[in-house]
Every structure is written in structure tokens, then in C-alpha cells.
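Since we're looking at a predicted model, the values are computed, not measured.
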Amino acid sequence: MRRTRILTAVLALAAGLLAGTPPALAADSTAKVSLAADTYTWKNARVDGGGFVPGIVFNRSEKNLAYARTDIGGAYRWQQSSKTWTPLLDSVGWDDWGHTGVVSLASDAVDPNKVYAAVGTYTNSWDPKNGAVMRSSNRGASWQKTDLPFKLGGNMPGRGMGERLAVDPNKNSVLYLGAPSGKGLWRSTDSGVSWSQVANFPNVGNYQQDPSDTSGYASDNQGIVWVTFDESTGTSGNATRAIYVGVADLQNSVYRSTDAGATWTRLAGQPTGYLAHKGVLDAAGGYLYLSYSDKGGPYDGGKGQVWRYATATGTWTNISPVAEADTYYGFSGLTVDRQKPGTVMATAYSSWWPDTQIFRSTDSGATWTRAWDYTSYPNRANRYTMDVSSSPWLTWGANPSPPEQTPKLGWMTESLEIDPFDSNRMMYGTGATVYGTENLTNWDSGGQFTIKPMVQGLEETAVNDLASPPSGAPLLSALGDVGGFRHTDLTKVPTMMFTSPNFTTTTSLDFAETNANTVVRVGNLDSGPHIAFSTDNGANWFAGTDPSGVSGGGTVAAASDGSRFVWSPAGTGVQYTTGFGSSWSASSGIPADAIVESDRVDTRTFYGFKSGKFYVSTDGGATFTASAATGLPSGDSVRFKALPGAKGDVWLAGGATDGAYGLWHSTDGGASWTKLSNVDQADAIGFGKAATGASYQTLYTSAKIGGVRGIFRSTDKGATWTRINDDAHQWGWTGAAITGDPRVYGRVYVSTNGRGVIYGDTSDTGGGGGTDPTDPTDPTPGACAVTYKITNQWSGGFQADVQLSNTGSSAWTGWSLVWAFPNAQTISQTWNAESAQSGSTVTAKNVGWNANVAAGSSVSFGFTGNWSGTNGKPTAFKLGDQACTVA
């Protein structure tokens, strides 16, 4: 899947950060700010996947401990009990948004509690910050970070090679990191706290996907791409002596040290003309396996080979599954079975058509079999069956002709791992999901193995727009790569993305405010229409007709009654139509590429914004007139919306740090504006159900208020604001879209660039009566015992573990533990539980995978917190109304 959406999102972000703007309007001096945090529960609107997973890492010493990395959406840890993934980098904040791109992961085999992530999204100017190495001693529940003096590229070309980050399996204080951009090989000897360049490493790489690319994206030197240790050459506590390093150099791709990194040499006799995407060491068999491609990936790849290097003798053997002349895809995914030395697998990673291919050998590469073979072209026989019932949209609603099939086995298959403790379990990443099997060895016996998505909890879509209509589905989304979805149940994966047509990226959508069955969306498509309409609330779609010159989706607006539409596509000027877009007319008085929205009451009023000017049409989009208002942001990093139920009531958010930046309000259709003085910066604005007794709908914004970046809510027209997220729930960049739910007070939908659609519900109903019918009720209490232990404490902070035991005679199907802190401590981050705090009272509830606790069993969770003066332990705990014994 081609992730062009990320470039668009980042360029838009860069424009917002860098564009110059004029001085701000005079501020409203009466506004106040209140940053008291509300208690919110945050979840994903389930899509399950949606983006590229370039790396899967199993711990080599602890069963069922595995991690996945994504190119823009953070890192995840596998939860075996629920067979789901837990996000680990939601604490990455706005200023560090690039650190949601993970270029490599390493899990410590000596101490499985330790995990490391090398983070940074782009090595060129799109990401303003350098990369970092993040380290955790609690499996990613919390992190410490060391900034690096160079950038890393989790979403750069070559991101499927690796792993670039590795922990010495004998002396785990030693780590190596391969850097891009000619920055060389780096080493840490203090468990990732500090790093220094390995000065004598002889080759920093030279391969560039496209040296002529002036943006610096495709022209970056892909550098050093993997590090692997031969654990048999070391002993516990002593540094491993043999280390192999892969370099992005078509002529010199593999180097080795035999003296624990003191000296390095190019491996003699190695293949040339290729990049070694992976180097996997099978110490038991005495082989280093290497998968080669003539390109860096993840999209490109032509010729390729697979080789085996005998570590004892230095003998190279070409073990390619097919002749080089028959390859058109390159090899990348590579894994060995730690339980069965000699079993090795590889992928043809860039075989877009008709499908990817997976190869398997049980004799160290002497012979191979394939996941599928042609019988008589174009017919094929598969060694596998696919069950995508948990993510049915993976068929893409397609009906291809042979030899293509739907769902595909995959594409961009650069990560492939056999569980080191279970020969039957394999996982591999694609451009849209994580697939896996639990009966892999059926392959060898002639039977079929079953492939299913193993991706629940891993949400990796980039969100461009959101809508929550007053009736019908609660959520409609415009997404990159997978187009978008209609969620009728936020806790379930929709059966299909938007189709007829299926945009590669949906850039904008809207619904008719007084007729929510009428919906319009626009997006990008290589060939075909760029606009689609629905008359049943987004359940079914039909294509409109493009006006001449359209090259991309742009933005679109529906009249409040659905009688007409205004569209500002890429490639041509603003257009308007009556009906469903069978013909279009050019709007006058408004520049091309303006952002367009509709008034939510007046059926003939539309609005536009471009380069500091606000435009208004009162004749259905035929003509626009520029407002006389000045002082609005001069750039185009702006998002604005009109309030439902109030003609001419418009809110505008946006700007840049070197000029006007904030939140503006107009009550006269944009003729004049008031800038809210209590909002430092704002990037998106949305509306939701009003609180009981409030005379105005609830406002939501992704903003900086009182010097703090976050998601904020106001129930009094912006006079005061409450931050509703916390530092553990930041999700990097959230500036593309935000909307409240018009039917559920307090519910807000937040866009992210790689973590999907996040939605939050408040514990305060606000008198709105809104609840989530899918949430479980509180469990019936039973006999219980609690052990509360402070495991670490420092100035102003501490870490604690809590063990809750079921001492009764019946099982729990959910639990909710309540206690009060004695010294005004506050919780900052929780793992293995969901926590909420009101004053000194804390409520910790189960997460999905640890809800069931049998009689006589226990469950544990932990948290980090803040303290001042005294850090006393709670003395009483309750499970519902049942007091627990305190150990």
C-alpha cells in the first residue's frame, strides 16, 4: 500500500508550523482559562490495522513476548491472553510528533522487561526534530528518552529493512544502532542512556532510492540497516565477539567484527549488486541467512537473491528459491525456526501483482516450497486458507480475475517472524495489517495452514476528516490509504471501507445537517472520479462526475438540506452543483484550493478560506465575496466549521507560531471575528451535545491553552476550558480534525496521524444522559485482597504495583478497584488497567484481556504517579461495595 497520505499530512503540518502570518486580532480580554482535568476513558474506533507494519520482534528468552513497529503509528506489545496489541507510544506529544515513527525495535533477551525503540519519522526537513532512542524497563508501559544528534526515518524509504537496533544477547548493557544519512554505526555501553559513534566502522552506506529528489526524501542515504549478533561467540556477562552489520551499499553490504566491535571487515566473497535487507543468524545451524534486493523497498524491488553464509568456514552459498532471472520483486522478509534449525522462510516483498509470495525451506535452503503455485495459468493452488472474518474489509470489496485473489496473501511483506518458542506460529506484516497462523507446520505435511489477521488493537490509520451526524451512524471518517469507514458500532470493525468508488485516500467529507442521509466525500484516485455521494447515511455510494482538470480530492461541503454542494478540488478552481454532481459550474470570487464549508442552517450559504481571507457565498456557491475582516492566519493551515442550528455562527482554528495563531469566533457569517484570548494556539475545532443547562453546544479543540498542549472542552462558549486528555494520551499530532458527538454529551472523536480515530467518553454525564451501550457494567463484587507496593521512588515521582486477588469462590468477569490516596498523590500513567482519578479517589478498571479472574487467582497492574511531602500508602481498597483485605 502506497502511503502517500503521510507526505500530504506532514507537508500540511509543516505549512502550519512555518508559514508566516500577520499580527493577531485584538483579543477578548473577558475570557478565562481553567485547566482542571476531567476524567476520560479513551479508546479506538476499531478498524484493526490500516497501515504498514515493517517490523515484528519476538523476545528470544520469554515465550509470548512480542512487539510490532509501525512507520508512523508507534509501537505495540502483544498480549497473549487476549491475542491483541497494546499501544506503547501514546504518550508522545505534539512537539515530538515525529517520534511516533519507529524505525527499529529491540527486545532484551537477558532482561525481558527491557525494550528499546529508535524513533523519528523523516530524515529531511519534514520532521524538524532529531531522532531518539527510547528505553523502557517495564515492557513499554513508560519510557525514558535519549535524543540523538541526527534524524531517523521511520517513514523513509528502506524502513522495512532491519532491525537497525540490537541488544547484545550476552552483555545487555551493550546496544548498537545503524543510522541513516551517512551518520554511521552507533553504540551504547550503558543500556541506551548514552550513545557514541563507532569511529572505526568503515562504511556509512551510499544507496539512495532517487539521488535527484530535491526534497531529500528519496535522495537520503539509507545508511546502516541491520545489526545482528552471533550469540554463540560470547558468554553471559561478556560482550558477544561476532557482530554482523548490513549496509545500504550495492557492492559492500555486509561487515563483521570478531572482537566485540573493536575492528570491522567486509565479508569476503559476498554477493554484489544487491542490498541485504535482512541478516538472520542461526547460531545452532552455524549460518547467517541473508535476503537481498536490488532496491531498498518497501514499494520497489526488482531482482533479488537469498544467500547463506557459513560462519565457521566463510563459505557463501546461493540458496535463492527461484532463479534471479525469474524475480521481479526482491527478497526481504526472512526468518528461521529456532525450534527446528534448518527451517528458513523468505518473502517476495514487492510482488504487487498478482500477490506476494512466501517461500519455505526445511533443509537450510537446499530446496524450497511456495505458499502458492500455478496449476495451469492463470489458476493457482494455495497451501493456505485465509479467514479475514475479523477484518472483512481486507477484501477491499474486490472481485479480481485470476491469478489475483481476494483477500491477497499480502503486499509490502518485509516483516516475517516464526515464534522462537512455537514452530506453528508465524506473523508477518503487510501494507494494511498483521497476518499470522497458528498451524504453520501443516505446510510441511501437505495440508493447508490457516492465515488470519492478528492485528486487533493495532490501529494505524491516518485521519483527514471526521463527521458525527445527528442521526444514523455515529461516526464517518476520511482516512488515508484505506479511504474511510462508516461506524455503526465503535467497538466493532466495519464490514467494508467506503467503496463505489474506493479512494486511495479520502481528503474530506460532509453531510447535510438537516438531512443526515445525504453524505458526500472526495478523495484521491489514480484513475476515476474524485467525488462520491450517498443517500443512506454513507452505507452505499455512487460516483459523481468530475469537472475538467481535477487531480485530487480537496475539500467539499454539503448544503444544510443536501440540495447542493460546493467542491474545492485539487487541479482546478472551486465548483458548485445542484443535485448530485452530474454537472458542475465554476464559482467566482474565490481562489483555487480554498477550504470550503457550509452554513448548517441557511441552505444557500457557503464559506471559504484561503491565505488569510474568509469568503462568503449566499447564492449556493455561485459567487463568493471576500470578508473585510483582517488579522486571520495568513497561511492555509486552518480549519473552520459552522455551528449546527445557528445561522452565521462560525469558529476558525489555525495559524503558525510566527504569526496569528489561535481560535476565532464569528456570529455574523465571517464579517467580523473575535479572537479568544485564552487560547494560545488551536488547530481544529468541533461541536458536540450541550451540557445540561448550557445554552450553547459543547466545543472541542486540539489546542495549546495555558501553555499546555492537549485536547480541550468548553461548555460555556469558550469562556473556560477543561483539558480532557492527559500526558499518557497525546497521540503525537492531532490537528487534522476533531468533532463531538451530537447525541452523547462529552464524547469526542480525535484524529491522529497513524493511531487511527480515538474517541473519548467522560465519567461526568453533564446531565446529558449519554452513555456508551457497549461498555460493560461494573462487576458484581466478591471477596478480595490487595497488595500495594511502591517499586521505585524519586523526587516528585514514584512507581507502584498493585496485585488484586480473588479470594472468593466464584470467578470475576470484570473488576473495578477503588482507593483513596492519603497524601494527595496523583496518577500520571497506568498499565494493565484503565484508571480515573477524582480528587484523592482513584478507580482502576480491567482492560479487555484481564477482565476474567478465576477464584483463587490474581491480577496485577501498575502505575506511575506524582507526590509531594509524603508518599503514604492507601490503607483501604474496595471492589464495588466489598472491602478488600490489605496485605
Next on the checklist: Taking the side chain as everything from C-beta on, heavy atoms only, tell me whether Phe58 gets closer than 4.5 Å to Lys63.
Outcome noted: no

Item to check | Side chain proximity check, Arg164 to Val225, heavy atoms < 4.5 angstrom | outcome: yes

Item to check | Asp168 side, atom CG; Ile243 side, atom CD1 - distance, nearest 0.5 Å | outcome: 6.5 Å

Checklist entry - What distance separates Arg69 CZ from Leu105 CG, expressed to the nearest 0.5 Å? => result 7.0 Å

Checklist entry - Do NZ/NE/NH1/NH2 and the carboxylate oxygens of Glu459 and Lys43 come within less than 4.0 Å? => result no

Checklist outcome for this item: For Leu152 and Val119 the tightest heavy-atom approach is CD1-O, 3.5 Å

Item to check | For Tyr309, all residues meeting ring pair (Phe, Tyr, Trp, His ring centres under 6.0 Å), sequence neighbours excluded | outcome: Trp316

Next on the checklist: So if I apply the ring pair (Phe, Tyr, Trp, His ring centres under 6.0 Å) rule between His277 and each of Tyr292, Tyr289, Trp226, Tyr349, which one comes out positive?
Outcome noted: Tyr349

Checklist entry - Any luck finding a side-chain donor-acceptor pair between Thr864 and Ser828 under 3.5 Å? => result yes

Checklist entry - Taking atom CG of Asp230 and atom CG of Leu288, what is their separation to the nearest 0.5 Å? => result 9.0 Å

Checklist entry - Thinking salt bridges, do Arg159 and Asp71 make one under a 4.0 Å N-O criterion? => result yes

Item to check | From Leu290 atom CG to Leu334 atom CG, the distance as rounded to the nearest 0.5 Å | outcome: 7.5 Å

Checklist entry - Which of these passes side-chain hydrogen bond (donor to acceptor under 3.5 Å, both in side chains) with Asp90: His729, Gln730, Arg755? => result Arg755

Checklist outcome for this item: Minimal heavy-atom distance between Ala260 and Tyr176, with the atoms involved, is O-OH, 3.6 Å

Checklist entry - What do the steps show when you test Ser423 against Asp337 for side-chain hydrogen bond (donor to acceptor under 3.5 Å, both in side chains), and what is the final call? => result CA-CA 6 Å; Ser423 298; Asp337 188 337; 2.8 Å; yes

Checklist outcome for this item: Closest non-hydrogen atoms of Leu394 and Ala432, given as atom of the first, atom of the second and distance, are CD2-CB, 4.2 Å

Checklist entry - Between Trp411 and Phe52, is the gap from one ring center to the other below 6.0 Å? => result no

Item to check | Test side-chain contact (heavy atoms from CB on, under 4.5 Å) applied to Glu438 and Lys452, Lys83, Met426, the passing residue | outcome: Lys83

Next on the checklist: Under a 3.5 Å threshold, yes or no: a donor from one side chain and an acceptor from the other, between Thr146 and Arg135?
Outcome noted: yes

Item to check | Aromatic ring proximity Phe863/Phe798, centre distance under 6.0 Å | outcome: yes

Checklist entry - When you check the side-chain N and O atoms of Asn64 and Arg425, is any donor under 3.5 Å from an acceptor? => result yes

Checklist entry - Backbone N or O of Ala371 within a donor-acceptor pair of the Gln357 side chain at under 3.5 Å? => result yes

Checklist entry - Are side-chain N/O atoms of Asn442 and Arg383 paired as donor and acceptor at under 3.5 Å? => result no

Checklist entry - Can you find a pair of side-chain heavy atoms, one from Thr450 and one from Tyr384, that are under 4.5 Å apart? => result no

Item to check | CA sep, side-chain torsions, deciding dist, call: Phe359, Phe331, ring-ring contact (aromatic ring centres under 6.0 Å, His included) | outcome: CA-CA 10 Å; Phe359 303 90; Phe331 295 97; 5.7 Å; yes

Next on the checklist: If I compare all heavy atoms of Arg338 with all of Leu281, which pair ends up nearest, and what's the gap?
Outcome noted: NH1-O, 2.7 Å

Next on the checklist: For Thr441 and Asn424, which I'm curious about, is there any donor-acceptor pair between the side chains at under 3.5 Å?
Outcome noted: yes

Next on the checklist: A side-chain contact here means heavy atoms from C-beta on lying under 4.5 Å apart; do Pro169 and Arg60 qualify?
Outcome noted: no

Checklist entry - Any side-chain heavy atom of Leu804 sitting closer than 4.5 Å to one from Leu879? => result yes

Next on the checklist: Using modelled atom types and a 3.5 Å cut-off, is there a donor and acceptor pairing between side-chain atoms of Thr430 and backbone atoms of Thr433?
Outcome noted: yes

Item to check | Polar side-chain atom of Thr240 near backbone of Ala242 as donor-acceptor pair, under 3.5 Å | outcome: no

Checklist entry - Quick one: do the Gln448 and Thr385 side chains pair a donor with an acceptor below 3.5 Å? => result no

Item to check | From Arg139 atom CZ to Tyr67 atom OH, the distance as rounded to the nearest 0.5 Å | outcome: 6.0 Å

Item to check | From CA spacing to verdict: side-chain hydrogen bond (donor to acceptor under 3.5 Å, both in side chains), Ser188, Asp190 | outcome: CA-CA 6 Å; Ser188 172; Asp190 56 7; 2.9 Å; yes

Checklist entry - Can you tell if the side chain of Asp48 reaches within under 4.5 Å of the side chain of Leu458, non-hydrogen atoms only? => result no

Checklist outcome for this item: Checking Thr369, Thr335, Asp444, Thr343 against Arg360 for side-chain hydrogen bond (donor to acceptor under 3.5 Å, both in side chains), the one that qualifies is Asp444

Checklist entry - Does Ser291 use its side chain to pair, donor to acceptor, with the backbone of Ser332 at less than 3.5 Å? => result yes

Checklist entry - Is the cationic atom of Arg308 (NZ for Lys, CZ for Arg) positioned less than 6.0 Å from the six-membered ring centroid of Tyr287 and within 45 degrees of its normal? => result yes

Next on the checklist: Please check: side-chain N/O of Asp108 versus main-chain N/O of Pro112, any donor-acceptor pairing under 3.5 Å?
Outcome noted: no

Item to check | Flag side-chain contact, heavy atom, 4.5 Å: Trp372 against Asp355 | outcome: yes

Item to check | Donor-acceptor side-chain pairing of Arg256 and Tyr244 below 3.5 angstrom | outcome: yes

Checklist entry - Parallel, tilted or perpendicular: which describes the rings of Trp731 and Trp42, with under 30° parallel and over 60° perpendicular? => result perpendicular

Checklist entry - Does Trp307 offer a backbone N or O that forms a donor-acceptor pair with the side chain of Ser320 under 3.5 Å? => result no

Next on the checklist: Strictly distance-based, threshold 3.5 Å: is any side-chain N or O of Gln339 a donor or acceptor partner for the main-chain N or O of Pro420?
Outcome noted: yes

Checklist entry - Closest heavy-atom contact between Gln829 and Ala728? => result CG-CB, 3.9 Å

Checklist entry - Less than 4.5 Å apart, any side-chain heavy atom of Trp393 and any of Val493? => result yes

Next on the checklist: What's the separation between atom CH2 in Trp368 and atom CG in Asp363, rounded to the nearest 0.5 Å?
Outcome noted: 9.0 Å

Checklist entry - Do you know the tightest heavy-atom contact between Ser361 and Ala366? => result OG-N, 3.9 Å

Checklist entry - Are any side-chain N or O atoms of Thr347 and backbone N or O atoms of Thr413, one a donor and one an acceptor, separated by less than 3.5 Å? => result yes

Item to check | Donor-acceptor pair between Thr356 and Ser351 side chains, under 3.5 angstrom | outcome: no

Next on the checklist: Looking at Lys278 and Glu414, would you say the former's side chain and the latter's main chain have a donor-acceptor pair under 3.5 Å?
Outcome noted: yes

Checklist entry - Between Ser857 and Asn806, do the side chains contain an N or O donor and an N or O acceptor separated by less than 3.5 Å? => result no

Next on the checklist: Donor-acceptor check, side chain of Ser104 to backbone of Leu165, threshold 3.5 angstrom: yes or no?
Outcome noted: yes

